[in-house]
Amino acid sequence: MTKRLFSFEFFPPQTPEGAEKLAATRQQLATLKPEFFSVTFGAGGSTQDRTLETIRQIKAEGYNAAPHLSCVGSTCDNIRIMLNTYRDMGIKRIVALRGDLPSGMASIGEFQYANELVSFMRAETGNHFHIEVAAYPEFHPQARSAQDDILNFKRKIDAGADSAITQYFFNAESYFRFVDACRKLGVTVPIVPGIMPIVKFAQLARFSDACGAEIPRWLRKTLEGLGDDNAAVQAFGLDVVTGLCEKLLAGGAPGLHFYTLNHAGPSMEIWKRLGL
Ligand SMILES: Cc1cc2nc3c(=O)[nH]c(=O)nc-3n(C[C@H](O)[C@H](O)[C@H](O)COP(=O)(O)OP(=O)(O)OC[C@H]3O[C@@H](n4cnc5c(N)ncnc54)[C@H](O)[C@@H]3O)c2cc1C
């Protein structure tokens, strides 16, 4: 059986206290021996220094670190500098994204779509980096059609991406259907499901509206009904997300990537329940 890939995602903290908390989170999650920790990157370069600093810390602690890198609003020169910095630091894996143009930022920059970033990375750094790209089992909100989105996803793989991490979702069927459609087009790379533990309904609803991830009606209604009872939301959320992960792994998913929001607890509990 091929080795399954497990990984955890963080955002770069804004304060020294946040950085300290994240270091503690990492220490806990490291005991699970994940393949890598990834760190998000604010589109338009808004978190460039903090992403780099967090990556530096993860590397210094001896773990595999994978920076996210988004190209929207950027230039070839700027991306080249970041790639060289990461290569010199010994980074081997990058999550390559388009990102979303921050409001108020006028210029789209020199890259329009993530496939262009992947091509640029291959041209500049050959096979040095393992390139991850984003996938959307429920389709990207700006996609003209489902088919179009899948073809655009394939474009990133054809440009040289090695594997993909999905947007989170709560319906296992949408993942399996998406993977099937990709396989029919000859896409063979691992497509690892992104997993969002459910901690607070209001926060989840806000994220989902922004990124186009669907909260099924039965789930939304149940979570709404639990209101501010955070303990009940978390208990129910753990059952739902553990069930989802079980289905995904049983159906052949090549691993799991957890959106931790810098908390260890929920991901660790799911991990424990899965018996990983
Ligand atoms: C695992 C994961 C990690 C993420 N991390 C971050 C992060 O750290 N920072 C951040 O800002 N955002 C992050 N995002 C969000 C992501 O940046 C947004 O979803 C963004 O809107 C799209 O980025 P992309 O790389 O998927 O873009 P693309 O693959 O470029 O796709 C964007 C849209 O354009 C369409 N499209 C793509 N190529 C073409 C083409 N050649 N011609 C016409 N249409 C095309 C696609 O169908 C899609 O609708 C992440 C998302 C995921 C799933």
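Ligands are counted one by one from 1 in listed order, and the atoms in each one are counted from 1 as well. None of the values given here were measured: they were computed from a predicted structure.
You'll find the side chain of L69 reaches within 4.5 Å of the side chain of I79, heavy atoms only. Counting heavy atoms from C-beta outward, K92 and F129 have side chains that stay 4.5 Å or more apart. At a threshold of 4.5 Å between non-hydrogen side-chain atoms, the residues D158 and V187 do not count as touching. Residues Y259 and I165 form a side-chain contact, since some pair of their non-hydrogen atoms from C-beta on lies under 4.5 Å apart. Using a 4.5 Å heavy-atom threshold, the side chains of R98 and Q142 count as touching.
The closest protein non-hydrogen atom to atom 29 (O) of ligand 1 is K156 NZ, 2.7 Å. With respect to atom 48 (C) of ligand 1, the closest heavy atom belonging to the protein is H140 ND1, 3.4 Å. The closest protein non-hydrogen atom to atom 13 (C) of ligand 1 is L97 CD1, 3.8 Å. Of all protein heavy atoms, the one lying nearest to atom 35 (C) of ligand 1 is N152 ND2, 3.5 Å. Ranking protein heavy atoms by distance to atom 52 (C) of ligand 1, first place goes to A134 CB, 3.7 Å.
Set against the non-hydrogen atoms of D149, the atoms of ligand 1 under 4.0 Å away are 46 (C), 47 (O), 48 (C), 49 (O). Close approach of ligand 1 to Q142 (heavy-atom distance below 4.0 Å) involves ligand atoms 49 (O). Close approach to N115 involves these atoms of ligand 1, each under 4.0 Å from a residue heavy atom: 38 (N), 41 (N). Residue Q167 has at least one heavy-atom neighbour below 4.0 Å for each of these atoms of ligand 1: 53 (C). For ligand 1, the atoms lying closer than 4.0 Å to a non-hydrogen atom of T40 are 8 (O).
Screening E132, M121, R87 against I94 for a side chain to side chain contact (heavy atoms under 4.5 Å, CB included) leaves a single residue, M121.
Contact annotation: Y259 has at least one heavy atom less than 4.0 Å from an atom of ligand 1. Using a 4.0 angstrom heavy-atom cutoff, D148 does not count as in contact with ligand 1. Between F11 and ligand 1 there is no heavy-atom distance shorter than 4.0 Å.
Hydrophobic clustering places L219 together with F207 (ILVMFWY residues linked when any side-chain heavy atoms are closer than 4.5 Å, directly or through intermediates).
Checked by distance only, ligand 1 and T166 stay at 3.5 Å or farther apart across all their nitrogen or oxygen atoms. By the 3.5 Å distance cut-off applied to N or O atoms, A114 is counted among the residues near ligand 1. On a distance-only criterion, D100 and ligand 1 share at least one N/O pair closer than 3.5 Å. An N or O contact shorter than 3.5 Å links G99 to ligand 1 by distance.
Contacts of E116 with ligand 1, taken as heavy-atom pairs under 4.0 Å, are absent altogether. Here R155 has side-chain heavy atoms under 4.0 Å from ligand 1, and that is the only part of it that gets that close. Here H68 has side-chain heavy atoms under 4.0 Å from ligand 1, and that is the only part of it that gets that close.
Counting only heavy atoms, the protein never gets under 4.0 Å from atom 31 (O) of ligand 1.
For D180, the CG atom is densely surrounded, since the number of other residues' heavy atoms within 6.0 Å is greater than 12.
Relative ring orientation between F6 and W271 is described as perpendicular, the plane-to-plane angle rising above 60° on a 0-90° scale split at 30° and 60°. Ring planes of F178 and F153: tilted class, angle from 30 to 60°. The aromatic rings of Y63 and F37 sit perpendicular to each other, their planes meeting at more than 60°, with 30° as the lower class boundary.
Residue R98 holds the heavy atom nearest to atom 27 (O) of ligand 1 of all those in Q112, H257, R98, R144. Closest heavy-atom approach to atom 38 (N) of ligand 1 within the set Y168, F41, Y136, Y113: this belongs to Y113.
Using a 4.0 Å cut-off between charged nitrogen and carboxylate oxygen, E246 and R273 do not count as a salt-bridge pair.
Taking OH of Y113 as the reference point, atom CD1 of I108 lies at 7.0 Å (rounded to 0.5 Å). The CE atom of M82 sits 11.0 Å away from atom CG of D77, with the distance rounded to the nearest 0.5 Å.
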